[in-house]
Structures are given as structure tokens and as C-alpha cells.
Amino acid sequence: MSPYNTVLLDIEGTTTPIAFVHDCLFPYVTENLTHFLEENWNSSEFQGHIQLLREQALKDVENGITDAVIIPNGNESDVKSIQDAITNNIRWQMRADRKIAALKSFQGYMWKSGYDSGELKSVIYDDVVTAFKRWKDAGIKIYIYSSGSVEAQKLIFAHSDKGNLLGYIDGHFDTTIGSKLESQSYLNICNELGIQSSPSSMLFLSDNINEINAAKKAGIQTAIVERPGNPPLNFNNGSGNEHILVIHSFLEI
Ligand SMILES: CSCCC(=O)C(=O)COP(=O)(O)O
Ligand SMILES: [Mg+2]
């Protein structure tokens, strides 16, 4: 690996166990949804999130996604029918684990209540904190790029089992900069950070081979992170992935 002065980190499967996301964060949304909709119905912030979900559902239908759940507006339907449609829409998107900005920002908005009440506390791998300290001591900048919304990312690092880690992080990116599966998104991040002429000065760590390949194509250095509970990598000869550096802890870098 060549020297790097910026790291870009995925969250789920990389800094945080997939199990925390699927066994704690996602059930928090599905189990509390009905009550949350009733409690927050008159909040303008809440209605802003619902409007994003409504617009996304219309785009989904336009794009031929036949099982998309349309959310009517107040002129078209009564409150109970709208709430049922929102519930069905969110449950459908979460079953499919969609990495769509409207869903992700709604989830982040709901998780805030869970972190504030103490019901949620995130899990960050031990080596991540040690690596954060080492990188900071070496003057290396730390950025996050996750499908989770920026708000949700900040909550994960602020309310972790290792304490508030936000002070280590120089900035956050979510899919509003582009899909994690497209090289252009990584170039956009380099542009934002003013390192477009030297993308190889950045190291991207993720558990997802398709994200790693997209970042590599943009000229960024990469390593794939294999954590307990992540799906097996199965890099067979001929897959084209044999040369990708596999790590099990950030301290191997
Ligand atoms: C950071 S919010 C919780 C995780 C989440 O919803 C998600 O989609 C994370 O995906 P990642 O890109 O970090 O693998
Ligand atoms: Mg991930």
C-alpha cells in the first residue's frame, strides 16, 4: 500500500457489525413505526420526511417498480389510510434493504428518538477506535461514506459503546453524493475534499466488493474488510478480485 493521508470508511460490516444494524436498528423502526407516525403526525420535520418518501414512490412507479407503495396526500385520503400506506411503503422498502435516500433519512429521523431515550446504543469494533487515534496522531483525515444518512451516521458515532467518537471524524458523505456502487461518486467525494488530482492519497475501507471495485476504478486505494458475521468473500481464481487486500482489523493496515 502506498502512503495515504485520507481514509474513507463504510459503516455497516466495516466499523459496525451487520448484526447491530439488522437486529437492533431495523427492528427499532419496524416495531415503533405505528406509534411514531401517530406521535409525530403534526410535526413539519416529520411531514418533510414523508414528502420525500411520497416523491420516491412516484419515481419508483415511473421506473417500472410494480410493487412500489404509493403514499396519497391529505387531499386524496384520510389520515388513517395515509398512515397505513406509509407503514406499507416503509416495510416494503426495508424488506428489500433498499439503500434509497428517502428511506435512509426517515430511518435516521426515527433512530434519533431511540438514541436520545437510551434504547439504542451503537456497536463499534474495538480496533476502529485504536485506528482513529493512530490516524489522528499521524495527521490523517477520517471521512465516512455510508448508505445511512449523514444524520444517522452522526448518531452511530455519537452514541457508541466506545463513547462519543464524532471528534475523530472530519466529515460525512451519504448517497446524496451518488451511489456507493458508482465510481463517479468517489470522484465526487475527491472533488469535495479538493484531492481530485490525487485520488490515490485516499484509502477506502468497505465490506462490499462492488463498492471496493467502484472506488478502485476511481483511482482510490482500497482494502476489503472481513468481519465476523459478514457474508463470505469467496474470492475464487478468475473472479478478478484476487488482488484486493483483505483485512480483518483496521490495525492490519
Ligand atoms: C449508518 S446508518 C445504519 C446503517 C444503514 O442503514 C446502512 O444502510 C449502512 O450501509 P453501509 O453503506 O454503511 O454499509
Ligand atoms: Mg457496508
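These values consider heavy atoms only, across backbone and side chains, with no hydrogens, waters or symmetry-generated copies. Order of listing sets the numbers, starting from 1, for every ligand and every atom in it.
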Taking all non-hydrogen atoms of both residues, which atom of Leu120 and which atom of Tyr115 are closest, and how far apart?
->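 Between these two residues, the closest heavy atoms are O-CD2, 3.4 Å.
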Under the criterion side-chain contact (heavy atoms from CB on, under 4.5 Å), I'd like the reasoning laid out for Lys141 against Met202: C-alpha separation, chi angles, the key distance, then a yes or no. CA-CA 9 Å; Lys141 299 268 188 201; Met202 178 184 270; over 6 Å; no
Assess the side chains of Gln107 and Lys104: does a donor N or O sit below 3.5 Å from an acceptor N or O?
->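 Indeed, the side chains of Gln107 and Lys104 share at least one donor-acceptor pair under 3.5 Å.
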*Would you check if there is a donor-acceptor pair between the side chains of Asn188 and Glu192 at a distance under 3.5 Å?*
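Not at all, the side chains of Glu192 and Asn188 share no donor-acceptor pair under 3.5 Å.
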Can you sort out which atoms of ligand 1 are near [X], meaning under 4.0 Å from one of its heavy atoms?
| X | value |
| --- | --- |
| Leu25 | 3 (C) |
| Trp111 | 2 (S), 3 (C), 6 (O) |
| Ile11 | 1 (C), 13 (O) |
| Asp10 | 11 (P), 12 (O), 13 (O), 14 (O) |
| Lys180 | 11 (P), 12 (O) |
| Ala152 | 2 (S) |

> What is the ring orientation for Tyr143 with Phe173, classed by angle as parallel under 30°, tilted 30 to 60°, or perpendicular over 60°?
Replying inline: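 Geometry flag for Phe173 against Tyr143: tilted rings.
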Requested in this report: Please state whether the rings of His172 and Phe157 are parallel, tilted or perpendicular, taking 30° and 60° as the class boundaries.
Outcome: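 Tilted, since the angle between the ring planes falls between 30° and 60°.
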- Which residue holds the protein heavy atom closest to atom 5 (C) of ligand 1, what is that atom called, and what is the gap in Å?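 Answer, as residue, atom name and distance: Lys104 NZ, 3.6 Å.
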Check your understanding: To the nearest 0.1 Å, how far is atom 7 (C) of ligand 1 from its closest protein heavy atom, and which atom is that?
Key ->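 Looking at atom 7 (C) of ligand 1, the protein heavy atom closest to it is Glu12 OE1, 3.4 Å.
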Is there a nitrogen or oxygen of [X] sitting under 3.5 Å from a nitrogen or oxygen of ligand 1?
| X | value |
| --- | --- |
| Ile156 | no |
| Gln153 | no |
| Asp207 | no |
| Ser146 | yes |
| Lys99 | yes |
| Glu211 | no |

query: Under 3.5 Å, side chain of Gln47 to main-chain N/O of Trp41, donor-acceptor pair present?
result: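 Flag set: sc Gln47 to bb Trp41 pair under 3.5 Å.
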Review point. So, does Arg227 use its side chain to make a donor-acceptor pair with the main chain of Thr14 at under 3.5 Å?
Key: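 Between the backbone of Thr14 and the side chain of Arg227 there is a qualifying donor-acceptor contact (under 3.5 Å).
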The Mg ion (ligand 2) is nearest to which N, O or S atom of Glu12?
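Sorting the N, O and S atoms of Glu12 by distance to the Mg ion (ligand 2) puts O first.
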| Are the aromatic rings of Phe250 and Trp135 close, with centres under 6.0 Å apart? |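 When the ring centroids of Phe250 and Trp135 are compared, they turn out to be within the sub-6.0 Å range.
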Quick check for you: with the Mg ion (ligand 2) as the vertex, what angle do OD2 of Asp10 and OD1 of Asp207 span, to 10°?
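Taking the Mg ion (ligand 2) as the apex, I get 80° for this pair.
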For this session: Could you tell me the separation between the CD atom of Glu151 and the CD1 atom of Ile156, rounded to the nearest 0.5 Å?
Result: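 Interatomic distance, Glu151 CD to Ile156 CD1, rounded to 0.5 Å: 12.0 Å.
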